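Note that the structure is a prediction, hence the values are computed from the model and not measured.
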Amino acid sequence: QVRLQESGGGSVQAGGSLELSCAVSGNPNSPNCLAWFRQTPGKEREGVASIYTGGSTWYVDSVKGRFTISQDNAKNTVSLQMNSLKPEDTAVYYCAADSRPWVWACGLTRSQYDVWGQGTQVSVSS
C-alpha cells in the first residue's frame, strides 16, 4: 500500500520561495500519478500540480509560471518548488497519489486520487 509523507512547509514573506517534498513508500511500483493539492478553511481542496511518471505535468492556472512539480524516481520523492509566493498561496498542502496501475493522465480533480499524505502548512505573509 502506498504511503505519503510531506515535508518542507513553513512561513515566508510574499515573493519568497519554498520547496515541498513528498516521500513515497510502501509499493515497489511508484504510482503513475502524483499530485499536490491545497486547502484553506472552509474551502474545497484544490488541485495545484500533478505529474505523470513519464514526465507530463499539469498545473492550475493560478500557479503556472511560479510552481514546478518534479519527481525523483531514484529517491521516491515528488517535489513542489514554489516561487514568487503570494498570500493567497497560504494553505495546507497535501501530497496525493493515484494508485491504480493503468492511468494515462493525471488530472487535478480530488476524486482521482485515493492516497493522501497528512499535509504541511504553508503560510505567506504580505
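Rounded to the nearest 0.5 angstrom, S125 OG and K86 NZ are separated by 15.5 Å. Between I51 atom CD1 and S56 atom OG the span is 8.5 Å, to the nearest 0.5 Å. Atoms CG and OG1, from L34 and T77 in turn, are 9.5 Å apart once rounded to the nearest 0.5 Å. Taking CZ of F67 as the start and OH of Y93 as the end, the distance is 4.5 Å to the nearest 0.5 Å.
Looking only at side-chain heavy atoms (C-beta outward), V124 and Q13 stay at 4.5 Å or farther from each other. Annotation: side chain of Q121 is in contact with side chain of T90 (closest heavy-atom distance under 4.5 Å). Side-chain contact check for L108 versus V48: every heavy-atom pair is 4.5 Å or farther apart. In this structure, T120 and S7 have side chains that are not in contact, with every pair of non-hydrogen atoms separated by 4.5 Å or more. Side-chain contact between C95 and V78 is present, with at least one heavy-atom pair separated by less than 4.5 Å. No side-chain heavy atom of Y52 sits less than 4.5 Å from a side-chain heavy atom of S50.
Across all non-hydrogen atoms, the minimal contact from V2 to A97 is CG1-CB, 4.4 Å. Between A49 and L80 the shortest heavy-atom distance is CB-CD1, 4.1 Å. When all heavy atoms of Q112 and C33 are compared, the closest pair comes out as NE2-SG, 3.8 Å. Closest approach of A91 and T40 over heavy atoms only: CB-CG2, 3.6 Å.
Partners of R100 under the salt bridge (Lys or Arg N to Asp or Glu O under 4.0 Å) rule, at least two apart in sequence or in another chain, are D98. A search for side-chain hydrogen bond (donor to acceptor under 3.5 Å, both in side chains) contacts involving S70 returns nothing, not counting sequence neighbours. Partners of R66 by side-chain hydrogen bond (donor to acceptor under 3.5 Å, both in side chains), not counting sequence neighbours, listed by chain and number: D89.
In this model, a donor atom of one side chain and an acceptor atom of the other lie less than 3.5 Å apart for D114 and S99.
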Tell me which donor-acceptor pairs under 3.5 Å the side chains of residues 16-23 have, and how far apart each pair is, sequence neighbours excluded?
{"from": "S17", "atom 1": "OG", "to": "N83", "atom 2": "OD1", "distance (Å)": "2.9"}

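Note: the hydrophobic cluster containing Y59 also contains V122 (ILVMFWY, side chain heavy atoms under 4.5 Å, direct or indirect links). Hydrophobic cluster membership is shared by M82 and V60, with clusters built from Ile, Leu, Val, Met, Phe, Trp and Tyr side chains linked at under 4.5 angstrom.
Within the structure, the salt bridge (Lys or Arg N to Asp or Glu O under 4.0 Å) test picks out the following pairs touching residues 41-52 (sequence neighbours left out): R38-E46.
In the hydrophobic clustering (ILVMFWY side chains linked at under 4.5 Å, chained through shared members), Y113 is joined by F37, V92, Y94, W116.
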